[in-house]
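Here the structure is laid out as structure tokens; the discussion comes afterwards.
Each ligand, and each atom within it, is numbered from 1 in the order the structure gives.
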Amino acid sequence: MQVVAVGSVALDTIRIHGACHAELLGGSASYFGLAAAHFGPVGLVGVVGDDFPEAHVELLRSRGADLRGLERRAGRTFRWETEYADDVKSRRTLRTEEGVFGGYRPRLPESYRAAAALFLANIDPDLQQVVLAQAGAVPLIAVDTMDYWIRGKPESLARVIAAAHVLLVNDEEATELTGKGSLPEAIEALRARGPAAVVMKKGPHGVLALGPWGWLALPGLPSTRVVDPTGAGDTFAGGLIGFLAGHDWRAREVFATALAVATALASLSVEAVGVAGLARDGSAEIRSRCAQLREMTAFEVPRRF
Ligand code: AMP
């Protein structure tokens, strides 16, 4: 298996722009998997209930997701309901229903243990450690987290971060993890805790990363029209890790291209409701958005003044 993702597979209800979209395919592993599947096979590790619609299974399979690691248990699927503010910049969670996700212990199928890349989405860091203990010597381990675990399980999370090659954070999480208001300083402090590369997502403002090659940065795509930002972070991670898997991710050029691909995929995702923007062949569109990013950032250094 090229890429393995461990995280939530969910039924999302999203209230946005005056409409209510009920029981959509969601969850961090779904967004990640549909993004990473653009570049090769992806195995999803998670759990759903016996109410999980067959149409969602079909969609994931049709896009190239391997579901041997997706357990189906008697009970209800994890559900999450959110409501966005009118400007779509903030949201509040109306309902989180754990269902069969409560008490779940991830199990990596044998064939997944030699993956080219492993993504640990923002689940309980104790469970992230359970997965790490099962994985073989995976050459690229990427970790995501969220404020809830930063506050709730800091010691466990610190062990997971130390084991990661690539840590993905947003600006608020980086500040909360390190106590540093300066984003570059926060990134440097996080890198000192173990990961070879730290990637900071700044929503519409792009991405800032520090790795063996030094600093890399990209803006967001200004033409993006946000219809539904749900899952943008996981989609970004899927584009990044999906592209990096099997490549020499320590090479600057490779990582820079992966950041562009991830930015392009995240913009495609937020332009549609739920996973609809990802669940199609967007390779031409991804390439054209990467070209736009390159045009936006290429310039000549002045020889003299
Ligand atoms: P994002 O917009 O990047 O925060 O991702 C939203 C996705 O995360 C939705 O599809 C939800 O189903 C999923 N999600 C929300 N809360 C949780 C949680 N506590 N644990 C795991 N997944 C969650």
query: Which ligand 1 atoms does Asp234 reach within 4.0 Å, using its non-hydrogen atoms?
result: 3 (O), 5 (O)
- request: Taking Ser8 for its side chain and Ala10 for its backbone only, find out whether a donor-acceptor pair lies under 3.5 Å.
  value: no
- request: Considering only NZ, NE, NH1 and NH2 on the basic side and carboxylate oxygens on the acidic side, decide whether Arg280 and Glu271 come within less than 4.0 Å.
  value: no
- prompt: If you count the atoms of ligand 1 from 1 in the order shown, which ones are under 4.0 Å from a heavy atom of Arg91?
  reply: 1 (P), 2 (O), 4 (O)
query: Hey, is Glu81 close enough to Arg79 for a salt bridge, meaning N to O under 4.0 Å?
result: no
Asp12 side chain to Ile14 backbone, donor-acceptor under 3.5 Å: no
message: So if I count the atoms of ligand 1 from 1 in the order they appear, which ones are less than 4.0 Å from some heavy atom of Ala10?
response: 12 (O)
- prompt: So, is Asp12 polar-close to ligand 1, with some N/O to N/O distance under 3.5 Å?
  reply: yes
- prompt: Should the proximity of Tyr148 to ligand 1, defined as any heavy atom under 4.0 Å, be assigned to the side chain, the backbone, both, or neither?
  reply: neither
- request: State, yes or no, whether a side-chain contact exists between His17 and Asp228 at a heavy-atom distance under 4.5 Å.
  value: no
message: Among all protein heavy atoms in this structure, tell me which lies nearest to atom 17 (C) of ligand 1, with the distance rounded to 0.1 Å.
response: Phe78 CZ, 3.6 Å
query: Where on Glu81 is there a heavy atom closer than 4.0 Å to ligand 1, on the side chain, on the backbone, on both, or on neither?
result: neither
field: Nearest neighbour of atom 2 (O) of ligand 1 from the list Gly231, Ala29, Ser269, Ala121, on a heavy-atom basis
entry: Gly231
message: What protein heavy atom lies closest to atom 8 (O) of ligand 1? Include the residue and the distance to one decimal.
response: Ser28 N, 4.2 Å
message: For a quick check under 3.5 Å, do Thr145 and Glu173 share a side-chain donor-acceptor pair by atom type?
response: no
message: Show me which atoms of ligand 1 lie under 4.0 Å from any heavy atom of Gly26.
response: 10 (O)
field: Heavy-atom pair of closest approach, residues Leu268 and Gly282
entry: CD1-O, 4.4 Å
message: List ligand 1 atoms under 4.0 Å from Ser8, heavy atoms only on the residue side.
response: 13 (C), 21 (C), 22 (N), 23 (C)
- request: Using modelled atom types only, decide if a donor and an acceptor are shared between the side chain of Trp249 and the backbone of Pro139 within a distance under 3.5 Å.
  value: yes
- prompt: Is Asn122 close to ligand 1, meaning an N/O of one under 3.5 Å from an N/O of the other?
  reply: no
Backbone N/O of Thr230 and side chain of Tyr84: donor-acceptor pair under 3.5 Å: yes
- request: Please identify which atoms of ligand 1 are closer than 4.0 Å to at least one heavy atom of Thr230.
  value: 2 (O), 6 (C)
- prompt: Any N/O of Gly27 closer than 3.5 Å to an N/O of ligand 1?
  reply: yes
